[in-house]
Amino acid sequence: MASTVVSGSAPTPIPSIEAGSIPNLNPNATLYGYVPTLWICALFIALFSISTLLHIYQAAKYRLWWLYATIVVGGVCEILGWSGRLWSSKEPRQLNPYLMQICTTILAPSWMTAANFTILGIIIRLLGSQYSWLSPRMYLIVFLTFDLVALVGQAVGGAQASLAAQSGNDPEPGGNIMKWFIVIQLISIVLYALCAFEFLLRYHLNKPVRSKPYADKPSEDEERVGHRVMDRGIQLMIVGMGISTLFIFIRSIYRTIELSDGWSGRIITTQLYFNVLDGAAIVISMYAINICHPGFLLRDNARTMGKKPKPAIIEAEKGEKGEYAVNVTPNDAE
């Protein structure tokens, strides 16, 4: 229970270690600087739960197991984070739900960006790696390494901030660690977007970085334009991936500014900013991939990571009895 000190005749509550004790926090204030609104927390739990369950179903239906280790994990983190905020709506001075929501909502988008990095690698394989400075494999290695470093750094910062808050010390040093690793995540998203833009521009202008033979016989349209045709599925996948990445980027900018402003600053203590620029932004990001899903837009290419020929080509090979051979070159297996 919180103890009190007497100032004149009016007792003032002092936060206990159990309830949390952040330096410079007004004894009558909550850890957030506000009380999280119960119905908003419940709404976000519902939205994230629906999206995550859809992703679980879609990943199983299309056998895209890599989605479980990326966007599904991110969705679970968001559910846990908003559950912590729901708990805080009832007990706003309790430390455990406060720390729970900080750590999980900070980490969740890193798993989602990993899914977008993977999708870009698949699209590069499908449209032609000759338009890319990096091979699809190198894209995954480089950007997933960025993502892993950002994820681990944010986790370490979150743990340090949590331990400091639990012991009644200043969580600012841990917050600074989280901030700088969110900046690393921001840099990786910017580089990823620039690489994707350059790849698509080179594809559109048919200006390859290097020559590369077709892995399979091109269609008449492909022969006419000089490169593989971007079908409607790939176009919609790029739109969905772009929307998802944009809102993760917006959220990352917000969290960087929030942590730079301090744990008792105006930004972190304004609920509306968090609800819109973190919660709503990540909801849009997740549903963008639900709607523009690689399973039904990229079909088997999403399952095989773009390494195998399209099903239509395989069927043509079977039906036409060797009219042309479907060969996957070593470069396509990159």
Decide yes or no for Trp180 and Gln154: does some side-chain heavy atom of the first lie under 4.5 Å from some side-chain heavy atom of the second? no
Nearest atoms (heavy-atom pairs only) where Ala280 meets Phe44: N-CE2, 3.5 Å
Would a hydrophobic clustering, with Ile, Leu, Val, Met, Phe, Trp and Tyr connected at side-chain separations under 4.5 Å, put Leu148 with Ile187? no
What's the shortest heavy-atom distance between Pro294 and Ile289, and which atoms? CD-CG2, 4.1 Å
Evaluate side-chain hydrogen bond (donor to acceptor under 3.5 Å, both in side chains) for Glu78 paired with Thr104, printing each intermediate quantity in order. CA-CA 6 Å; Glu78 288 289 352; Thr104 52; over 6 Å; no
Take Trp133 and Cys195 through the side-chain contact (heavy atoms from CB on, under 4.5 Å) test and state the conclusion after the steps. CA-CA 8 Å; Trp133 287 102; Cys195 288; over 6 Å; no
Using 30° and 60° as the class boundaries, would you call the ring planes of Tyr62 and Phe296 parallel, tilted or perpendicular? tilted
Looking only at atom types and distance, does a side-chain atom of Thr113 sit under 3.5 Å from a main-chain N or O of Ser110, one as donor and one as acceptor? yes
Distance in Å, Ile122 CD1 paired with Leu297 CG, rounded so as to fall on 0.5 Å steps: 11.5 Å
Restricting to non-hydrogen atoms, name the atom on Ile189 and the atom on Phe249 that form the minimum distance, rounded to 0.1 Å. CG2-CD1, 3.9 Å
For Thr256 and Ser252, indicate whether the former's side chain and the latter's backbone hold a donor-acceptor pair under 3.5 Å. yes
Consider only side-chain heavy atoms of I, L, V, M, F, W and Y, link residues closer than 4.5 Å, and tell whether Val152 and Ile106 are in one cluster. no
Counting C-beta onward and ignoring hydrogens, is there a side-chain heavy-atom pair between Met112 and Ile282 closer than 4.5 Å? yes
Cluster link Val239 to Ile124, ILVMFWY, side chain under 4.5 Å: yes
Any side-chain to backbone donor/acceptor pair from Gln235 onto Met230? Under 3.5 Å, distance only. yes
Inter-residue atom distance Asn290.CG - His55.NE2, 0.5 Å rounding: 3.5 Å
Distance, nearest 0.5 Å, that separates CG of Leu277 from CG of Leu272: 8.0 Å
Can you spot which of Tyr192, Trp66, Phe146, Trp111 makes a ring-ring contact (aromatic ring centres under 6.0 Å, His included) with Phe117? Tyr192
Are Tyr32 and Arg85 packed together at the side-chain level, in the sense that at least one heavy-atom pair is separated by less than 4.5 angstrom? yes
Quick one: does Ser89's side chain have a donor or acceptor within less than 3.5 Å of a partner on Leu86's backbone? yes
For Ser132 and Ser129, indicate whether the former's side chain and the latter's backbone hold a donor-acceptor pair under 3.5 Å. no
CG of Asn176 to OG of Ser260, rounded to nearest 0.5 Å, is 8.0 Å
Are any side-chain N or O atoms of Arg202 and backbone N or O atoms of Lys207, one a donor and one an acceptor, separated by less than 3.5 Å? yes
Over all heavy atoms of both residues, which pair between Met178 and Gly157 is shortest? Give the atoms and the distance, please. CG-C, 3.6 Å
Quick one, Pro173 and Gln160 - any side-chain contact, counting heavy atoms below 4.5 Å? yes
Kindly indicate, with the supporting measurements, whether the criterion side-chain contact (heavy atoms from CB on, under 4.5 Å) is fulfilled by Tyr34 and Thr270. CA-CA 7 Å; Tyr34 58 86; Thr270 302; 6.0 Å; no
Any side-chain heavy-atom pair from His293 and Leu67 closer than 4.5 angstrom? yes
Once rounded to the nearest 0.5 Å, what's the spacing between atom OG1 of Thr118 and atom CG of Leu144? 5.0 Å
Would you check if the side chain of Gln271 reaches a backbone N or O of Thr37 as a donor-acceptor pair within less than 3.5 Å? yes
Here the gap from Ile141 atom CD1 to Thr145 atom OG1, rounded to the nearest 0.5 Å, amounts to 7.0 Å
Could you go through the side-chain contact (heavy atoms from CB on, under 4.5 Å) check for Val209 and Gln130 one step at a time? CA-CA 6 Å; Val209 175; Gln130 67 268 31; over 6 Å; no
Phe274 and Trp82 aromatic centres sub-6.0 Å: yes
Considering non-hydrogen atoms only, spot the tightest contact between Met100 and Gly84 and give its length. CE-N, 3.8 Å
More than 12 heavy atoms of other residues, nucleotides or ligands under 6.0 Å from CH2 of Trp65: is that the case? yes
Side chains of Leu47 and Tyr287 in contact at under 4.5 Å (non-hydrogen atoms): yes
Does any donor atom in the side chain of Gln101 or Trp87 lie under 3.5 Å from an acceptor atom in the other side chain? no
So, do Ile45 and Ser83 sit near enough that their side-chain heavy atoms are less than 4.5 Å apart? yes
Any Lys/Arg nitrogen of Asp278 or Arg255 sitting under 4.0 Å from an Asp/Glu carboxylate oxygen of the other? yes
For the pair Ser285 (side chain) and Ser244 (backbone), establish whether a donor and an acceptor sit closer than 3.5 Å, ignoring hydrogens and angles. yes
Provide the closest heavy-atom pair for Thr70 versus Ala114 in the form atom of the first, atom of the second, distance. CG2-CB, 3.8 Å
So, do Tyr131 and Glu198 sit near enough that their side-chain heavy atoms are less than 4.5 Å apart? no
Between Ile50 and Tyr57, is there shared hydrophobic-cluster membership here, with clusters defined by ILVMFWY side-chain heavy atoms closer than 4.5 Å? no
Group every Ile, Leu, Val, Met, Phe, Trp and Tyr by side-chain heavy-atom contacts under 4.5 Å, then state whether Leu134 and Val190 land in the same group. yes
